[in-house]
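Everything below concerns the one structure shown next.
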Number of protein chains: 2
Amino acid sequence: MANINEIAKIAGVSVSTVSRVLNHHKYVSEDKRAAVQKVINDMNYTPNRNAIDLIRGETKTIGFIIPYNNNQAFDQMLHGALNKSVEKGYTITVLPTKYNKEKEIEYLSMLKNKLLDGIVITSRANPWEAIIPYSQYGEVVSCEYTEHPEIGCAYIDRYSSYLEVFQYLKEKGHTTVAFTAARGMQSVSTQQTIAAYKEIFGELRPELYYPDCYNMEDGYLAGKKLLALPARPTAIYANGDEIAGGIYQYARSLHMNIPEDLAIIGQENQPIGIALDFSSVDHQLIKVGEQAFDLVIQKSRQKVNIPYRIIHRSSI
Amino acid sequence: MANINEIAKIAGVSVSTVSRVLNHHKYVSEDKRAAVQKVINDMNYTPNRNAIDLIRGETKTIGFIIPYNNNQAFDQMLHGALNKSVEKGYTITVLPTKYNKEKEIEYLSMLKNKLLDGIVITSRANPWEAIIPYSQYGEVVSCEYTEHPEIGCAYIDRYSSYLEVFQYLKEKGHTTVAFTAARGMQSVSTQQTIAAYKEIFGELRPELYYPDCYNMEDGYLAGKKLLALPARPTAIYANGDEIAGGIYQYARSLHMNIPEDLAIIGQENQPIGIALDFSSVDHQLIKVGEQAFDLVIQKSRQKVNIPYRIIHRSSI
DNA sequence: CTGAAAGCGCTAACAC
DNA sequence: GTGTTAGCGCTTTCAG
């Protein structure tokens, strides 16, 4: 394809003039502007963005780090960011890590490579210490709260959220409640859940905590394991409505009734939860994604809390 | 951040030598290679990918055009592509159009801009005539079948799929069957559905076709409309399990039983369909996304059919 | 208002 | 083996 030199030559002007009309500068005479524009149209010319990005040192593209690309929770955050991105004229690159530390660092390096202006981390594999150095090359914002001043956050107060749910369950008369989680103990969010649990119920019997739940099938397995326990739980708090759906499926295979035989509460107010009439805590993940995106492009390092809300339905 | 000149100067070599070690060329003496590498490490240097892309004329990034970013079907295709992309060392940029023609063209221009090596179009707003010119700037593959030789396809044979479902419904004794669709008549897929319907049932009463369905809520509305019809349908084929879920919800609010009072069949074998025990036709959208991605990076313009399968459950 | 020229950071002949 | 140099395609002083 043609380049700016060619356009300049054909239009009989200098490249600077072409550049000026390209960038809508003023101080270009009307006739030259028209002439250049005509050649641009005739030649069907489009400037090479790589060259522009190289000079400007910015790309108007933001990286979006997610662990898994088949999980409703991360999808929702992505949707939020995507909404904002087209609105603000940015482009989003999806970066799936599968919680692989090297991969994650590789993605962060794209800031250094000048491929990305900023990155939002929905969930991370590396310790903050490994991540923070990259914040000098571009804005990095997290969907998890952190004290580190270098990192902007659009976060959920998971501790309060879990506390409220466990309290609610307790008030409903449940004493043996189990819960599922995504990652295990290495995850801050799991630790917060456990802390909240202990705050309400005093102690946590290890069997009542079921990790590595990402989808419906995992939920089914969780149900199988949890409901076979000697002193089985009378309520389960699932880390997602699809997971709750899996638990429900297993419970139904045992002809259990919800909530009489087993209370279930899910998360994120998904269609499956609506259909099955699950109570759910909506962490407003779309808003989290939107806010995180806004923070990156504003180069803001604020800590923004996104409120959650508990939706009461018939499953408790 | 430092650039290649600086590294060269400090290491006491020329930029070409630095470039050679960067690109793992042979014919670099071991001592110089070591010296350069040391400076690179010391300076924490990373080459600027923009400059490299500018020279090479390729970016190893693929654009993924989707109409909506909150629809399970498109999400699944995206997931397939994302899987392949990390495997093949590519990066994916998500491009949501909301079926806006200008936006879509803007995205296609990214090929011309040299921002993208290729694009996969899951669903399009523009006619092929408007899209094809862009295929000279990069590979464009579609998830919808087209004869145009410039466009590779990873497609579903929707006509056969619909034919089979309608035939099945007919055999089950249904004579009044309705169906929902995403876009209206402008969509090829809707036209195929209608053709298949007429093939099996002879004629289509216009009220039996409900367009603009994308999510559960739309399904609920569809149920409301369809079940209020004078000669109401005894079976509904929904264009997605979440939509089927919405229909189910409305039917249940009327105390209807499935399948006695109303047969429902969905699409894509989603969790919600599994939980509600819906029959569903699985178009294997993840595979569609994977295959489409493979075609782009192989610069192949093949037409690849992805087989579907009908999953029989209790809702029919 | 316009053009010449100096880069942005890197690669790749082409010499030596 | 290694360095010199000419770009890749564009923006942006700096003169005029």
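Everything quoted here is computed from the prediction, not taken from an experiment. In what follows, every chain begins at residue 1, and chains take the letters A, B, ... in the order their sequences are listed.
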Just verifying a value: how many Å separate B/Arg49 CZ and A/Met110 CE, rounded to the nearest 0.5 Å?
6.5 Å
Does anything in residues 8-37 of chain A come within less than 4.0 Å of DNA chain D? Heavy atoms only, and list the residues if so.
A/Ser16, A/Ser19, A/Asn23
Salt bridge B/Asp53-B/Lys114, side-chain N to carboxylate O under 4.0 Å
no
Residues passing the salt bridge (Lys or Arg N to Asp or Glu O under 4.0 Å) test with A/Asp75, sequence neighbours excluded, are none
Using a strict cut-off of less than 4.0 Å between a Lys/Arg side-chain nitrogen and an Asp/Glu carboxylate oxygen, indicate whether A/Glu290 and A/Lys287 qualify as a salt bridge.
no
salt_bridge(B/Glu147, B/Lys303) N-O dist < 4.0 Å:
no
Contact span of DNA chain C against chain A, any nucleotide atom under 4.0 Å from a heavy atom, 5' to 3', runs C/dC1 to C/dG9
Chain A vs DNA chain D, heavy-atom contacts under 4.0 Å, first-to-last nucleotide span, 5' to 3', is D/dG9 to D/dT12
For B/Lys299, is the NZ atom crowded, meaning more than 12 foreign heavy atoms sit under 6.0 Å from it?
yes
Any non-hydrogen side-chain atom of A/Val13 less than 4.5 Å from a side-chain atom of A/Val18?
yes
Any residue in residues 41-63 of chain B with a heavy atom nearer than 4.0 angstrom to DNA chain D? Just list them by number, or reply none.
B/Leu54, B/Ile55
I'd like a table of donor-acceptor pairs (distance under 3.5 Å, sequence neighbours excluded) in which one partner is a side-chain atom from residues 88-97 of chain A, with atom names and distances.
from: A/Thr93; atom 1: OG1; to: B/Thr93; atom 2: OG1; distance (Å): 2.9
from: A/Thr97; atom 1: OG1; to: A/Tyr99; atom 2: N; distance (Å): 2.9

Worked check of salt bridge (charged side-chain N to carboxylate O under 4.0 Å, His left out) between A/Glu6 and A/Lys9:
CA-CA 5 Å; A/Glu6 199 172 332; A/Lys9 194 175 299 171; over 6 Å; no
